[in-house]
Number of protein chains: 2
Amino acid sequence: MRLSKLTDYATVILSVIAKNNSCVHSAVGMAEVTGIAQPTVSKVLKLLVKAKVLISVRGAKGGYRLARSPEKISVAAVINALEGPIALTECSASHHACEQARGCEIQGNWDLINKTVHNALESVTLADLILPVRPPREINIPVASLYR
Amino acid sequence: MRLSKLTDYATVILSVIAKNNSCVHSAVGMAEVTGIAQPTVSKVLKLLVKAKVLISVRGAKGGYRLARSPEKISVAAVINALEGPIALTECSASHHACEQARGCEIQGNWDLINKTVHNALESVTLADLILPVRPPREINIPVASLYR
DNA sequence: TATAACTAGGACCATTTTAGTACTATTTAA
DNA sequence: TTAAATAGTACTAAAATGGTCCTAGTTATA
């Protein structure tokens with residue numbers, strides 16, 4: 001139940017970009033600011049472009065900038081970019097067990113848990129991350145609504 | 001962002017036990033029912049005992065039973081038993097970066113995200129898992145309350 | 001038009017983590 | 001006394017992860 005280091009790096013890098021999204025940021029520059037090794041920074045940036053979280057500008061004076069405003073980039077989107085879809089379980093039981101039970105009985109409930117977690121991560125954006133600790137607005141997650 | 005297989009097994013095994021908690025269940029028996037290899041089942045059961053989710057009875061006719069009612073065993077507790085504390089990030093930036101920024105600025109916000117996710121997983125219990133898909137009651141997670 | 005400053009996209013390897021197994025000791029009902 | 005259980009630890013193989021490097025393509029500008 002831990003995010004990968006690359007995802008962690010991504011949030012740091014994105015935070016820096018989000019604070020000044022008017023100009024583009026190069027991988028080398030980001031490496032200097034964050035202290036993360038340049039090849040690793042590049043790897044993260046490329047993945048974020050692939051997931052359409054960032055937009056890249058090639059050539060001299062090129063670099064990266066956010067694909068949309070920080071308010072519209074959720075933590076869930078960042079995790080998705082680096083680690084793929086948020087799915088806590090593959091299949092909640094071995095195939096053999098599933099056969100015995102004629103279809104895994106708790107798998108449906110796991111889907112609901114996934115949704116709950118996903119919703120929680122969707123509700124936090126890059127804009128929230130770069131603010132001093134305190135949420136910008138009241139958020140309610142009516143869990144039961146996820147089941148409808 | 002995925003649970004380990006062992007955690008997955010744990011939920012399956014616990015579901016079986018929860019459905020009939022009046023008698024104890026042996027590791028061999030659980031292996032047969034779930035289709036998971038017996039040594040692996042034992043490993044999972046031992047970890048669950050260590051985390052006080054299960055209680056073991058040693059000796060012949062021994063086995064395992066829940067340490068408390070299914071309603072009081074949260075998914076968060078199960079994850080905690082198998083994988084340790086739910087902590088999405090170690091430190092949101094490299095030490096070097098943290099020094100530059102005089103203390104990582106987004107770490108505090110990550111703590112809040114952790115709480116949000118933890119809260120979501122705490123709100124689902126073993127009792128919910130074994131019910132046919134549909135929540136037993138309305139749950140609201142006022143996210144902002146986490147910040148107080 | 002040449003060059004330097006950029007990103008794109010793989011491929012690669014070392015390290016760590018995970019899964020799964022095995023072994024020995026201990027406990028207890030019959 | 002024996003058989004059926006759990007406790008605890010150690011070990012190995014496989015998979016995932018982190019990190020690096022290389023080559024190709026793009027573009028501003030001198």
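We name chains A, B, ... by the order of the sequence lines, and we start the count at 1 in each one.
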Between S42(A) and dT7(C), is there a contact of a side-chain N or O with OP1 or OP2 at under 4.0 Å?
no
Side chains of T125(A) and E71(A): donor-acceptor distance under 3.5 Å anywhere?
no
Using a cut-off of less than 4.0 Å, is there contact between a side-chain N or O of S26(B) and OP1 or OP2 of dT6(D)?
no
What does K5(B) touch in the nucleic acid at a heavy-atom separation under 4.0 angstrom: a base, only the sugar-phosphate, or nothing?
sugar-phosphate
dT17(C) P sits how many Å from R2(A) CZ, rounded?
10 Å
If you measure from OG on S123(B) to CG on D128(B), what distance do you get to the nearest 0.5 Å?
8.0 Å
Under 3.5 Å, is there an N or O donor on one side and an acceptor on the other linking the side chain of R58(B) and the base of dT26(C)?
yes
Whole angstroms only, please: what is the NE2-P distance between H25(B) and dA5(D)?
13 Å
Whole-Å gap separating P (dT21(C)) and NZ (K46(B))
13 Å
Spell out, as yes or no, whether a donor-acceptor pair under 3.5 Å connects the side chain of N114(B) to the backbone of A87(B).
no
Taking only N and O in the side chain of Y9(A), is any of them less than 4.0 Å away from OP1 or OP2 of dG19(D)?
yes
How would you label the contact of L6(B) with the nucleic acid (heavy atoms, under 4.0 Å): base, sugar-phosphate, or nothing?
sugar-phosphate
Under 4.5 Å between any side-chain heavy atoms of I13(B) and V41(B), yes or no?
yes
Please determine, for the side chain of T40(B), which listed nucleotide (dC21(D), dA29(C), dG20(C)) has the closest atom?
dG20(C)
In whole angstroms, how far is the P atom of dG18(D) from the CG atom of D8(A)?
10 Å
Take atom CG of L47(A) and atom C1' of dG10(C), then tell me their distance rounded to the nearest Å.
12 Å
Please give, in whole Å, the distance from dG18(D) P to I13(A) CD1?
13 Å
Map L3(A) and L45(B) onto DNA chain D by nearest heavy atom, then report which one ends up closer to the 5' terminus.
L45(B)
For dG18(D), does either OP1 or OP2 sit under 4.0 Å from a side-chain N or O belonging to S4(A)?
yes
Nearest heavy atom decides the nucleotide; on that basis, is Y64(B) or A60(A) closer to the 5' end of DNA chain D?
Y64(B)
Atom CD of E83(B) and atom P of dA16(D): how far apart are they, to the nearest Å?
15 Å
Among dT7(C), dA8(C), dT21(C), which nucleotide sits nearest the side chain of V49(A)?
dA8(C)
K43(B) NZ - dG8(D) C1' separation (whole Å):
12 Å
Would you classify V57(B) as touching base, sugar-phosphate or nothing, given that sugar-phosphate means primed atoms plus P, OP1 and OP2, and contacts are heavy atoms under 4.0 Å?
sugar-phosphate
Is the side chain of E83(A) donor-acceptor paired with the backbone N or O of S4(A) at a distance under 3.5 Å, no angle test?
yes
